[in-house]
Amino acid sequence: MLQAEIKGLKKSFDKQVILENVGLQIERGEVVCIIGPSGSGKTTFLRCLNLLEQPDAGSYSIGDFQYDLAHIGKTQRLEIARKTAMVFQSYELFSHMNVLQNVAEGLRTPRRFPKKLAEKAALSALEKVGLADKAMMYPSQLSGGQQQRVGIARAMALTPELLLFDEPTSALDPELVGDVLNVMKQLADSGQTMIIVTHEMQFAQEVADKVIFMADGVVVEAGTPEEIFEDPQEERTQQFLTQVRFQLAV
């Protein structure tokens, strides 16, 4: 069953085209990994799906709801916000709040959950990422990997239809990456629909149902992990993967 569909997404900054006619279909429970060089528009694409950036054009459907992205009103913004959640590169935790409060905040303020109900949902999310014992600690007392797992728990607590990850391991030391990726694999196994911008090629090969290669603001090629990593058809995809493999080998 189709979970979400994006057609003709366009975005420019100061007349510079960042995204040009980008489209994507994602089935319920599917994991889509987006790969590509820096500056290809991957993060901007995710931010458009969460309306952290306002697209210039495009259509967007989530479940039974359809939106014209060039004409989004306040009610439609709230609808999309309730259906999506994002995990950022740099954690984006509130330093003055403890872990439990950080995770519960998205339920309390925008969604007006009672405090006890929000904290119960937050603790459940923390248990799923293995951090229930850190609930009363503050972000400064956690490692980078633990902070990112708190960020994932915060997004999970919102029970989004579409969970978006923007290079969630890029700010982590190499030895901390594994714990975060394991949590994401567990989410994939649970049937959570996810779109993941990542530079972790092995992770994408193992977890993705579909891989999207983006460059210069367009989708160059899309397919299964086997199709993209083992038999890419487009020269630009081949160049990118050759360079990535060379860097890993060095």
Side-chain angles (χ1 to χ4, degrees), residues 3-4 26 28-29 31 43 46-54 60-65 67 72-169 171 179-180 182-197:
Q3 177 80 61
I26 181 168
R28 189 175 302 278
V31 177
T43 292
L46 276 196
R47 291 176 66 86
C48 285
L49 298 185
N50 207 24
L51 291 186
L52 294 174
E53 299 289 353
Q54 174 63 56
Y60 187 15
S61 63
I62 308 179
D64 297 328
F65 292 80
Y67 307 96
I72 291 286
K74 183 178 180 180
T75 299
Q76 293 171 313
R77 284 183 174 275
L78 287 172
E79 288 176 354
I80 291 173
R82 291 190 179 107
K83 293 174 183 295
T84 62
M86 193 163 188
V87 178
F88 300 91
Q89 294 182 29
S90 54
Y91 326 140
E92 303 291 341
L93 301 179
F94 295 110
S95 61
H96 65 287
M97 293 183 180
N98 65 32
V99 165
L100 186 66
Q101 292 168 334
N102 263 285
V103 177
E105 178 64 18
L107 293 170
R108 293 204 63 199
T109 301
R111 301 195 183 184
R112 300 182 179 179
F113 274 42
K115 181 180 179 181
K116 288 186 178 179
L117 187 60
E119 290 185 348
K120 181 179 179 181
L123 189 59
S124 176
L126 286 168
E127 287 174 352
K128 291 176 182 176
V129 300
L131 290 176
D133 60 329
K134 308 293 184 184
M136 295 298 111
M137 298 180 71
Y138 285 81
S140 62
Q141 297 173 290
L142 304 180
S143 69
Q146 289 171 333
Q147 290 185 59
Q148 189 59 289
R149 285 155 61 196
V150 173
I152 294 173
R154 176 179 56 190
M156 289 169 55
L158 299 174
T159 59
E161 293 186 29
L162 192 59
L163 185 51
L164 311 172
F165 289 84
D166 182 19
E167 297 197 15
T169 61
D179 287 342
V180 173
N182 285 336
V183 168
M184 294 170 67
K185 288 176 182 177
Q186 291 168 15
L187 274 174
D189 291 341
S190 75
Q192 172 68 56
T193 310
M194 300 190 288
I195 302 178
I196 305 168
V197 170

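What you see below is based on every heavy atom in this structure, not just the backbone, and it leaves out hydrogens, waters and symmetry mates. From a predicted model like this one, the values you see are computed outputs, not experimental measurements.
Atom-to-atom distance recorded for Met194:CE and Gln3:CD is 12.0 Å, nearest 0.5 angstrom. Rounding to the nearest 0.5 Å places CZ of Arg154 at 13.5 Å from CG of Leu100. The distance from atom CE of Met137 to atom CG of Leu142, rounded to the nearest 0.5 Å, is 5.5 Å. Atoms CD1 and CG, from Ile152 and Asp179 in turn, are 10.5 Å apart once rounded to the nearest 0.5 Å. In this structure, OG on Ser190 lies 14.5 Å from NZ on Lys185, to the nearest 0.5 angstrom. Of the inter-residue distances, the one linking Leu107 atom CG with Glu119 atom CD reads 10.5 Å to the nearest 0.5 angstrom.
Counting all heavy atoms, side chain and backbone alike, Leu126 lies closest to Ala135 at CD1-CB, 4.2 Å. Across all non-hydrogen atoms, the minimal contact from Ala153 to Ala125 is O-CB, 3.4 Å. Here the shortest heavy-atom pairing between Val180 and Gly145 reads CG2-O, 3.7 Å. The shortest non-hydrogen separation linking Phe113 to Ala118 is CB-CB, 3.9 Å. Residue Ala155 comes nearest to Pro160 through the heavy atom pair O-CD, 3.4 Å, listed as atom of the first residue, atom of the second, then distance.
The closest side-chain heavy-atom distance from Leu158 to Arg111 is below 4.5 Å. Between Val150 and Val129 there is no side-chain heavy-atom pair separated by less than 4.5 Å. Counting heavy atoms from C-beta outward, Leu131 and Val99 have side chains that stay 4.5 Å or more apart. Contact check for Asn98 versus Tyr138: side-chain heavy atoms found under the 4.5 Å cut-off. Put simply, the side chain of Gln186 does not reach to within 4.5 Å of the side chain of Lys128, judged on heavy atoms. Taking the side chain as every heavy atom from C-beta outward, Phe88 and Thr43 never approach each other to under 4.5 Å. The shortest side-chain heavy-atom distance between Gln89 and Pro168 does not fall under the 4.5 Å cut-off. Side chains of Thr75 and Glu79 form a contact here, defined as non-hydrogen atoms less than 4.5 Å apart.
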Taking it one step at a time, do Leu162 and Ile195 satisfy side-chain contact (heavy atoms from CB on, under 4.5 Å)?
CA-CA 7 Å; Leu162 192 59; Ile195 302 178; 4.1 Å; yes
Would you check, one step at a time, whether the test side-chain contact (heavy atoms from CB on, under 4.5 Å) holds for Leu163 with Ile196?
CA-CA 8 Å; Leu163 185 51; Ile196 305 168; over 6 Å; no
Any chance you could lay out the side-chain contact (heavy atoms from CB on, under 4.5 Å) test for Thr84 and Leu51, step after step, and finish with the verdict?
CA-CA 10 Å; Thr84 62; Leu51 291 186; over 6 Å; no
Step-by-step side-chain contact (heavy atoms from CB on, under 4.5 Å) determination, Tyr60 to Leu49
CA-CA 8 Å; Tyr60 187 15; Leu49 298 185; 3.7 Å; yes
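The aromatic rings of Phe65 and Tyr67 sit parallel to each other, their planes meeting at less than 30°, with 60° as the upper class boundary.
A donor-acceptor contact closer than 3.5 angstrom links the side chains of Gln54 and Arg77. Checking Glu92 against Ser90 by side-chain atom types alone, a donor-acceptor pair falls below 3.5 Å.
Heavy atoms of other residues, nucleotides or ligands lying less than 6.0 angstrom from NZ of Lys115 number 12 at most.
Side chain of Glu105 to main chain of Asn102: no donor-acceptor pair is present (N/O by atom type, distance under 3.5 Å, no hydrogens or angles). No donor-acceptor pair closer than 3.5 Å links the side chain of Gln192 to the backbone N or O of Met184. Side chain of Ser124 to backbone of Ala121: no donor-acceptor contact under 3.5 angstrom is found. Counting only distance, with no hydrogens or angles, the side chain of Arg28 and the backbone of Glu161 share no donor-acceptor pair below 3.5 Å.
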